[in-house]
Participant: 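Dropping the structure in here first, questions after.
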2 protein chains.
Amino acid sequence: MATIKDVARHAGVSVATVSRVINGSPLTKPDTADLVKRTMRELGYRPNAAARTLVSKRSLAIGVVVADVSDPFFGSLVKYVDNVAHKQGHHLLIGNGYHEAAREKQAIESLIQNQVTALIVHSKALDNDTLRAYAQEHGAMVFINRLIPGLEDRCIYLDNYHGAFLATEHLIEQGHRYVAYIGSSHAIEDTEQRQQGYEDALNTCRVTDETHPVMMAFDTPEETGGERAMAALLEENDSLSAVFCYNDVMAAGAITALTDRGYRVPEDVSVVGFDDSLIARYLHPKLTSVRYPIEEMAELAAEQAIALSTKQPMRNEKGSYAPTLIKRNSVTKSSE
Amino acid sequence: MATIKDVARHAGVSVATVSRVINGSPLTKPDTADLVKRTMRELGYRPNAAARTLVSKRSLAIGVVVADVSDPFFGSLVKYVDNVAHKQGHHLLIGNGYHEAAREKQAIESLIQNQVTALIVHSKALDNDTLRAYAQEHGAMVFINRLIPGLEDRCIYLDNYHGAFLATEHLIEQGHRYVAYIGSSHAIEDTEQRQQGYEDALNTCRVTDETHPVMMAFDTPEETGGERAMAALLEENDSLSAVFCYNDVMAAGAITALTDRGYRVPEDVSVVGFDDSLIARYLHPKLTSVRYPIEEMAELAAEQAIALSTKQPMRNEKGSYAPTLIKRNSVTKSSE
DNA sequence: ATGAAAGCGCTAACAT
DNA sequence: ATGTTAGCGCTTTCAT
């Protein structure tokens, strides 16, 4: 591998000059610059990023930690972070946390150690104190999908409460009186925020005490969890005509459970999901879902993180994003 | 940020000693090692990866270039590469190529420049010569989903031909006489291999010349492309009773086109996809598809790449993987 | 078992 | 406009 010295020698100039043309310094004569560029090309020279990072104390790497890249939700997050990173000449270092505290810690620390210039973290398993400590250690760390008290300006998150409220309200507006909620048994903040949104929507829209009872079932946030929860709900309550689910895969499970038991969706039971993930469009019927604008959120997070790393004034938008309801074919007016 | 010097000073030893305990050298007295470790912890010391890489000429980073991380197929690829990388103490640097030659080049070069110790490349837009040149430059570069002549031992790829053959054969075995093929209009090798598999299966199983005609339509390898291709096929041929599709999303489009026109799947028309991607299980009916064992392939690729980087003897498996048919509900016996 | 010192490839003063 | 040189944080001989 050719080094800067080789280039300097071959071109008959000093390493400083080569360095200048690499970095596009304006203080080099066009002739010299051309000569150096040609030499670099001839030698197949590539600047050593490690050396650059070491001396300049700033790398062009941005770290991203997500739960699992193979999940399209996180895949999109990574993609949109990469989009803005790429535009600014940066590249991505990624770490998977798998929703485990130990893995999340490891991922964050590995990235810090690798001198990432900015850091976008999606963590659900680590507590606020731990995250605050990391944030203090690395000044350009931004958190996505989480609100940490004291770090409001470094958090980009979704208004889960509002999303759940929207979904439930929509169901009620379609005339449904018995609207159930299928929740996640994982104790993360999203869970309780969505549940609260559901309950409040019921309360707000309630006409008399009997009309809109709270009906809930909890299970793991996967397809099978959705199936089990739906089954449980059905056993206790046969008057139910609509369900709002914690996420799209649980909704998929709920639809399966419903169909298996002879219920038609949406004619007999309406279903709403959350996330508007890839599968929502492919389910049958196509799933009405609460859209999670992860693309915009990921881009903002990347911009904020890079801005922090260069101490630029940040475009000071608020970190809270509003979800919207995407209406498809899994909801219909109540037949009553 | 504390450096190795700080640790040395605080612990009252030399930097060499600190370096030794960092690297678990056996030539340090346990007492000294403990002292140093404690000091490192107290100072919140993290070795600077750039410095390490610079001096030791080997980084712990592995590069992966895929077309688009937000596609679950590539997300899985990245995930399984990460799994083996993580086990061996490495981390991932990723680059998106978006099926564009320029982007793919850029991604590969950026990773090389960043001193990745090994490289797993999924490239469809770059030609064999370019790739061969890169492979020569970086001795630990492995190609996934591609077979480059002269680089057979560094390629991990799927037997597309066999997969297509399998799918078509299955349809014929179910009694279908008019089996069409919906192909991709993108000119990459997969396209023609799958088409060849389809045609050969038809020929092999053909009883008389009229029984199994070749019927094909090509469009972009997306859902809308599948819809259009299916529509075109239907216009020319109303006796068709089965379709094999280039991939699952085209199959999804085909099903939509079919359903929209009043055909039932699989009662009127059987459909088979390719990839066995995430959506296959969520489509209605659940899609029979050719499984692409990307997880195993990604793991092998990672192991090969790391082995190459350390000049270890490689477990010398063959790079070709055999696809299998996953039978679900989109195929039924021909009613004729 | 430990320390001193050279040097990895590069950038950034400082000189000229 | 270009060259000289110190030094970034670390590993690795070579001494001791």
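Quick note on labels: first sequence line is chain A, next is B, and so on, each numbered from 1.
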Participant: Indicate the atoms forming the closest heavy-atom contact of B/His90 with B/Ala61, along with that distance.
Facilitator: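 Between these two residues, the closest heavy atoms are CD2-N, 4.5 Å.
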Participant: Tell me the interatomic distance from B/Leu54, atom CG, to C/dG7, atom P, rounded to whole angstroms.
Facilitator: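 Distance, rounded to whole Å: 14 Å.
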Participant: What's the closest nucleotide to the A/Leu27 side chain, out of D/dC8, D/dT2, C/dG3?
Facilitator: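 The nucleotide sitting nearest to the side chain is D/dT2.
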Participant: With a 4.0 Å cutoff (strictly under), does any side-chain N or O of B/Thr53 reach OP1 or OP2 of D/dC10?
Facilitator: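 Checking D/dC10 against B/Thr53, no side-chain N or O comes under 4.0 Å of OP1 or OP2.
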Participant: Closest approach to the side chain of B/Ile4, judged atom by atom: which nucleotide of D/dG9, C/dT11, C/dT2 is it?
Facilitator: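 The listed nucleotide nearest to B/Ile4's side chain is D/dG9.
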Participant: Heavy-atom distance under 4.5 Å between the side chains of B/Leu93 and B/Ile62, does that happen here?
Facilitator: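 No, their side chains stay 4.5 Å or more apart.
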Participant: Below 3.5 Å, does any donor atom in the side chain of A/Arg20 face an acceptor in the base of D/dG3, or the other way round?
Facilitator: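 Per atom types, the contact qualifies.
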Participant: Would you mind telling me which residue lines up with the more 5' stretch of DNA chain C, B/Gly12 or B/Ser56, judged by nearest nucleotide?
Facilitator: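 Taking each residue's closest nucleotide, the earlier one in sequence belongs to B/Gly12.
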Participant: Counting only side-chain nitrogens and oxygens, does A/Thr17 get under 4.0 Å of the OP1 or OP2 atom of D/dG3?
Facilitator: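 Answer yes for this pair, as a side-chain N or O of A/Thr17 is under 4.0 Å from OP1 or OP2.
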Participant: Under a 3.5 Å distance rule, please check whether B/Arg154 uses its side chain to pair with a backbone N or O of B/Met141 as donor and acceptor.
Facilitator: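 Looks like yes, one N/O pair under 3.5 Å.
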Participant: Given D/dG9, is OP1 or OP2 found less than 4.0 Å from the side-chain N or O atoms of B/Thr3?
Facilitator: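 No.
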Participant: Roughly how many Å is it from CZ in B/Arg46 to P in D/dG9, rounded to a whole number?
Facilitator: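 It is 16 Å, rounded to the nearest whole Å.
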Participant: Starting at atom CG of A/Leu60, determine the distance to atom P of C/dT11, rounded to an integer number of angstrom.
Facilitator: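 Nearest whole value for this atom pair: 11 Å.
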Participant: Measure from CG on B/Asn23 to P on D/dC10 and round the result to the nearest Å.
Facilitator: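 Rounding to the nearest Å, CG of B/Asn23 and P of D/dC10 are 11 Å apart.
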Participant: Using a cut-off of less than 4.0 Å, is there contact between a side-chain N or O of B/Asn48 and OP1 or OP2 of D/dC8?
Facilitator: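 Answer no for this pair, as no side-chain N or O of B/Asn48 is under 4.0 Å from OP1 or OP2.
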Participant: By nearest nucleotide on DNA chain D, pick out whichever of B/Val15 and A/Thr32 is the more 5' one.
Facilitator: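 Closest to the 5' end, via its nearest nucleotide, is A/Thr32.
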Participant: Between C/dA12 atom P and A/Ile22 atom CD1, what is the distance in whole Å?
Facilitator: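 Rounded to whole Å, this separation is 11 Å.
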Participant: Quick one: A/Leu35 CG to D/dA1 C1', roughly how many Å, whole number?
Facilitator: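 Those two atoms, CG and C1', are 14 Å apart.
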Participant: Assign A/Val18 to base, sugar-phosphate, or nothing according to its heavy-atom contacts below 4.0 angstrom with the strands shown.
Facilitator: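 Answer is nothing: A/Val18 stays at 4.0 Å or more from every strand.
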Participant: With a cut-off of less than 4.0 Å, is there a side-chain N or O of A/Arg52 near OP1 or OP2 of C/dC10?
Facilitator: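 So the side chain of A/Arg52 is outside the cut-off, no N or O lying under 4.0 Å from OP1 or OP2 of C/dC10.
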Participant: Please give, in whole Å, the distance from D/dG9 P to A/Asn114 CG?
Facilitator: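 So the two atoms are 16 Å apart, to the nearest Å.
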Participant: Looking only at non-hydrogen atoms, find the nearest pair between B/Ala2 and B/Leu43 and report the distance.
Facilitator: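 For B/Ala2 and B/Leu43, the tightest heavy-atom pair comes out as CB-O, 3.9 Å.
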Participant: Let me know the distance between NZ of A/Lys57 and C1' of C/dC10, rounded to the nearest Å.
Facilitator: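 It is 13 Å, rounded to the nearest whole Å.
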Participant: Examine A/Phe73 together with A/Tyr292 and report whether their ring centres are nearer than 6.0 Å.
Facilitator: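 Yes: the rings meet the under 6.0 Å criterion.
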